[in-house]
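Side-chain atoms are counted along with the backbone in the values below, which use heavy atoms only and exclude waters and symmetry mates. Each chain gets a letter, A, B and so on, in the order its sequence line appears, and its residues count up from 1.
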Amino acid sequence: MNKTIKKTLPLILIGITIIVLLINFNSNRKIYFSNSNRIQSQLDKVAHAELKLNYTVLKSTIFLFNNNDDIIKSIKNLHGTVIDLTKNIYFKEEYPDLYKKFTQRYKKLVENKIEAIYEFNTINSGIKNSNTFLINSISTISSMRARYDVEIPHKYLKRVLSTISNILMSKNSMNNFIKSENIKLIEETKINNKKLNEFNIIMIAHLEMINKNFPKYQKLLNSITDIESQKIISSINDKFFTLNLKRVNKMNYIFYSIIFFIIFYTALIIYLFLKLDKENCRLNRSIREDYLTKLYNRNKFEEVINQYNNPILFLVNINKFRHINEYYGTEIGDKVLINVANILKELTQKEDPILFRLGADDFGILIKSISQVDKNDYATMLIEWFENNEINIKDLKFRIGIQIGISKEKPYFEKADMALIEAKESIREKYIIYRPHHNKQDLIKTNIEKTKVLYNAIKKDKIVPFFQPIVDIQTKKIVKYEVLARVVHKNSDIETIFPYLQIAKDNKLYFDITKAMLAKSADLFFKKNINFNINFSIEDIKDKRVLDILDEIEKKYPGIFNKITFEILESEAINDYKSIEEFISTVKSKGAKIAIDDFGSGYSNFEHLLNLQIDYLKIDGSLIKNIDKDENSKRIVKLISNFAKESNIEVVAEFIENESIHKVLKKLNIEFGQGYYFSKPLSSIS
Amino acid sequence: MKSKSIFFLLLCFYLQATEILITPIPQHLAYNKEKANIGKMLFFDSALSRDKSISCSSCHKPSHAYSDKLDKSIGIFGQKDIVQTPTILNSTFNFKQFWDGKADNLKQQVNITLHNKIEMGMNKRSIVEAVDKNIFYKNSFYKIYNTHKITYEMIVDSLAEFQKSLITPNSKFDRYLKNRTKLTKKEQNGYRLFKKLGCITCHNGINIGGNSFQKIGIIFKYKNCSNDRYGITHNEIDRCVYKIPTLRNIALTSPYFHNASAKTLEKAIETMSYYNLGYRLDKDSVIDIKSFLETLTGKIPNIGTK
């Protein structure tokens, strides 16, 4: 969990960063656009207000009657728009150059303009009124002649009309045509008539007023309508547009960067997702696949087994694979497994089965339909291939044996496994096809029962020794006893230990039985001063604890070893002759004797026997039982006897059940014998 | 046909242009009543003058249409002021305040007047102190600004707001403009002369004046030009230049001109038409113009009502 958080944290952080960037960018963008739009609109308003003001001023020059409120309103409007833009902090901070230009140059020009307009309004009023007066005076002069009977000097009239005409020209063209000397001449004209003189004084006042103020009027109007301020506002506008464009471009770059970032992030997530998917696939496979051989595993087997109607499973086991691992190491062992897997793949290619590794050294070959193969031929084919071919691994040559358990019914694996176990135990059969009687359910049940019984017996000291006399064949005198373990049941029934031996071996109870037998018989025979034989298995010999027990017994019963003969069962299991040799030399040095039990049952290895310093051979009962009828048995026994005599070994015959057997043995000069003919095993010695 | 329609179009334009030369005073003007109410109290409060002898209303007498009948109003310590007190009625419509237009708006006007050595002779601190003493002001300002700390700006603001409320709608002429009443022949003739002679060149707009600076004696030199705009701008052209006074309620605000030289309206009409228009008017014309000017008297706001 922690690891997951650690892994995803950078991704989450990048994600959050992108979101924050986007939000930030968006809000910045909004602020930017709303602010720049505001500046733009305020600039437009300023420009418009100025135009409007110019318009109202010009209008006031054209119309005789004019509402000055319009001009004041326009001035206030322009002033207001300028103040608004001046107060725009964003404009001030983001466009300092433009702001400076606006507040220092444009604002000043506008202020000057407003002052000029105030002045202009003052002059304009007078000029308009005087203008009106002069226009009216044209008719006044002409009517004066009739009204007051005045002679108007021609020169005077001409000068007056010319001056008025010049003034009108000037006003209309905004060029000064007014001639001051003309006005002076009019002033100097002597007028006798009182009325005309009165009129003349007023007219001259008007003329002079215009003459005096017209240049100023002209100048003010020119300055008011001067386009410099408009040029400035226009250039501010242009510059603002350019700067704005740059900023928009910059913002675009940022936007593209964010987009790139998002694409990168998406790609990263896709990459990680694919990686995860791959990992998932791998994990998925590893659930169903064996990592070593790349064959399917048990999980897959369980998955697919029900998909086929009529399959057959060959469960192939490598013979003594454990030894390969132990002797050559697991590295080689693994290679062997891989090799075997590959060989199986090749061998079964044609049938296209599904191959599994179902156990450490168990391979499953699942043929999809039973009709595809002849099971016997197929198993034989596999077994023979391994018998005839070697496997090369790192310059080592392995000849591997295999056993096969075969099942064609449910549950396939379990039944094939049972068959395989049987095949492993069998000497002759290399493959076994499961048959119902192989069903070990009952066996397992009895095994469990037996285990319980054995445990109980050991716990309650109910493993007791029985004694079968061993007699001199010639004299029929008892020379010693063989100690045989018996189990005393709860109901006091007594049963031989043989059915329990395998269980004892499997449950590591063998030692307890041997220990009980040794202790009890040593005590008895020491007291009675009689020799006795005791059975020792290969397990006992290998068990170091047994040697300790033997030491203890020797201390407790000095010289006891002189009375003991260890009967060692010769069997296939004896492959470790070294430990047997050691054991024999140890006990023999203490005075004990050694017998080989069940000699001639099929496992005898004369070569090894010769190397062991044995004292007795106990001929297997199967050879003795029918010795009076079976010539073959008789010949073998004779051969053994001869061989023993050559080697200074004495021979003991078991299973002597009747007199005729005894007679044959006596004739064959067999030294010792035991069997029901002489005595059954006894619970005690008299 | 085409020329006829163009003629009508031009006529309409002309008529329209003349008719909007004077606009009526609106019935109501948006202003903050609470502030104006405090302003009203302050307006009548002599605590606002240095020697506690006068209030705003001492010179802007409500009984004299918020102007003074004296040639020179009496300021603190009995000092005489230097110009004739203009009415503050409709002053919110003026483009500048004072004869010389030294204030751009009413707040500036209040500020200048309060500080004027002859008029109120106060400063920011003394004003605030004077107002702060009065629990009524304290409570009233608290209602508006939610603070117990009275500032100078609040005081100026409320006085300006009070002045905003001083408008005089429903004059006969305004009603005439709105076609609610008819002018008498004399009044009609007066108005015609008013336009024809050129009075309207300067006296136009909502306040029939108060929207430009003009020179007294532009045709014949006027000699008595004290406290003119030159004092503000020091520009030669501004000699004898004053803010055009409003003609609203002109019949109630004698004496006339900055120097109170015209005691009657007739005299004022005669003086202006001679010095500024170059006309010597006959008696009838003066009477007619006067009767037109009398139609400009509107409804003076009632002080008693809030």
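The stretch residues 117-137 of chain A places A/Tyr118, A/Glu119, A/Asn121, A/Thr122, A/Ile123, A/Ser125, A/Gly126, A/Lys128, A/Asn129, A/Ser130, A/Phe133, A/Asn136 near chain B, each with some heavy atom under 4.5 Å from a heavy atom of that chain. Among the residues in residues 188-207 of chain A, those with a non-hydrogen atom closer than 4.5 angstrom to a non-hydrogen atom of chain B are A/Ile201, A/Ile202, A/Ala205, A/His206.
When B/Ile206, B/Leu197, B/Asn207 are compared by the number of non-hydrogen pairs under 4.5 Å with chain A, B/Ile206 comes out ahead.
In this structure, the portion of B/Phe220 lying under 4.5 Å from any heavy atom of chain A is its side chain and not its backbone. Heavy atoms closer than 4.5 Å to chain A are found nowhere in B/Asp104, neither backbone nor side chain. Of the atoms belonging to A/Lys73, not a single heavy atom falls under 4.5 Å from chain B. B/Lys96 touches chain A through its side chain: at least one heavy atom from C-beta onward sits under 4.5 Å away, while N, CA, C and O do not. Heavy atoms of B/Ile219 lying under 4.5 Å from chain A belong to its backbone as well as its side chain.
A pairwise comparison of heavy atoms in B/Thr23 and A/Asp69 identifies OG1-OD2, 4.4 Å as the closest pair. Taking each heavy atom of B/Cys202 and A/Asn68 in turn, the nearest pair found is O-ND2, 4.4 Å.
Counting heavy atoms of neighbouring residues, nucleotides and ligands inside a 6.0 Å radius, atom CZ of B/Arg280 does not exceed 12 of them. Counting heavy atoms of neighbouring residues, nucleotides and ligands inside a 6.0 Å radius, atom NZ of B/Lys102 exceeds 12 of them. In this structure, A/Lys216 places its NZ atom where more than 12 heavy-atom neighbours from other residues, nucleotides or ligands lie under 6.0 Å away.
The backbone N or O of A/Asn66 lies less than 3.5 Å from a partner atom in the side chain of B/Asn204, making a donor-acceptor pair.
For the atom pair A/Asp70 CG and B/Asn211 CG, the distance stands at 9.0 Å (nearest 0.5 Å).
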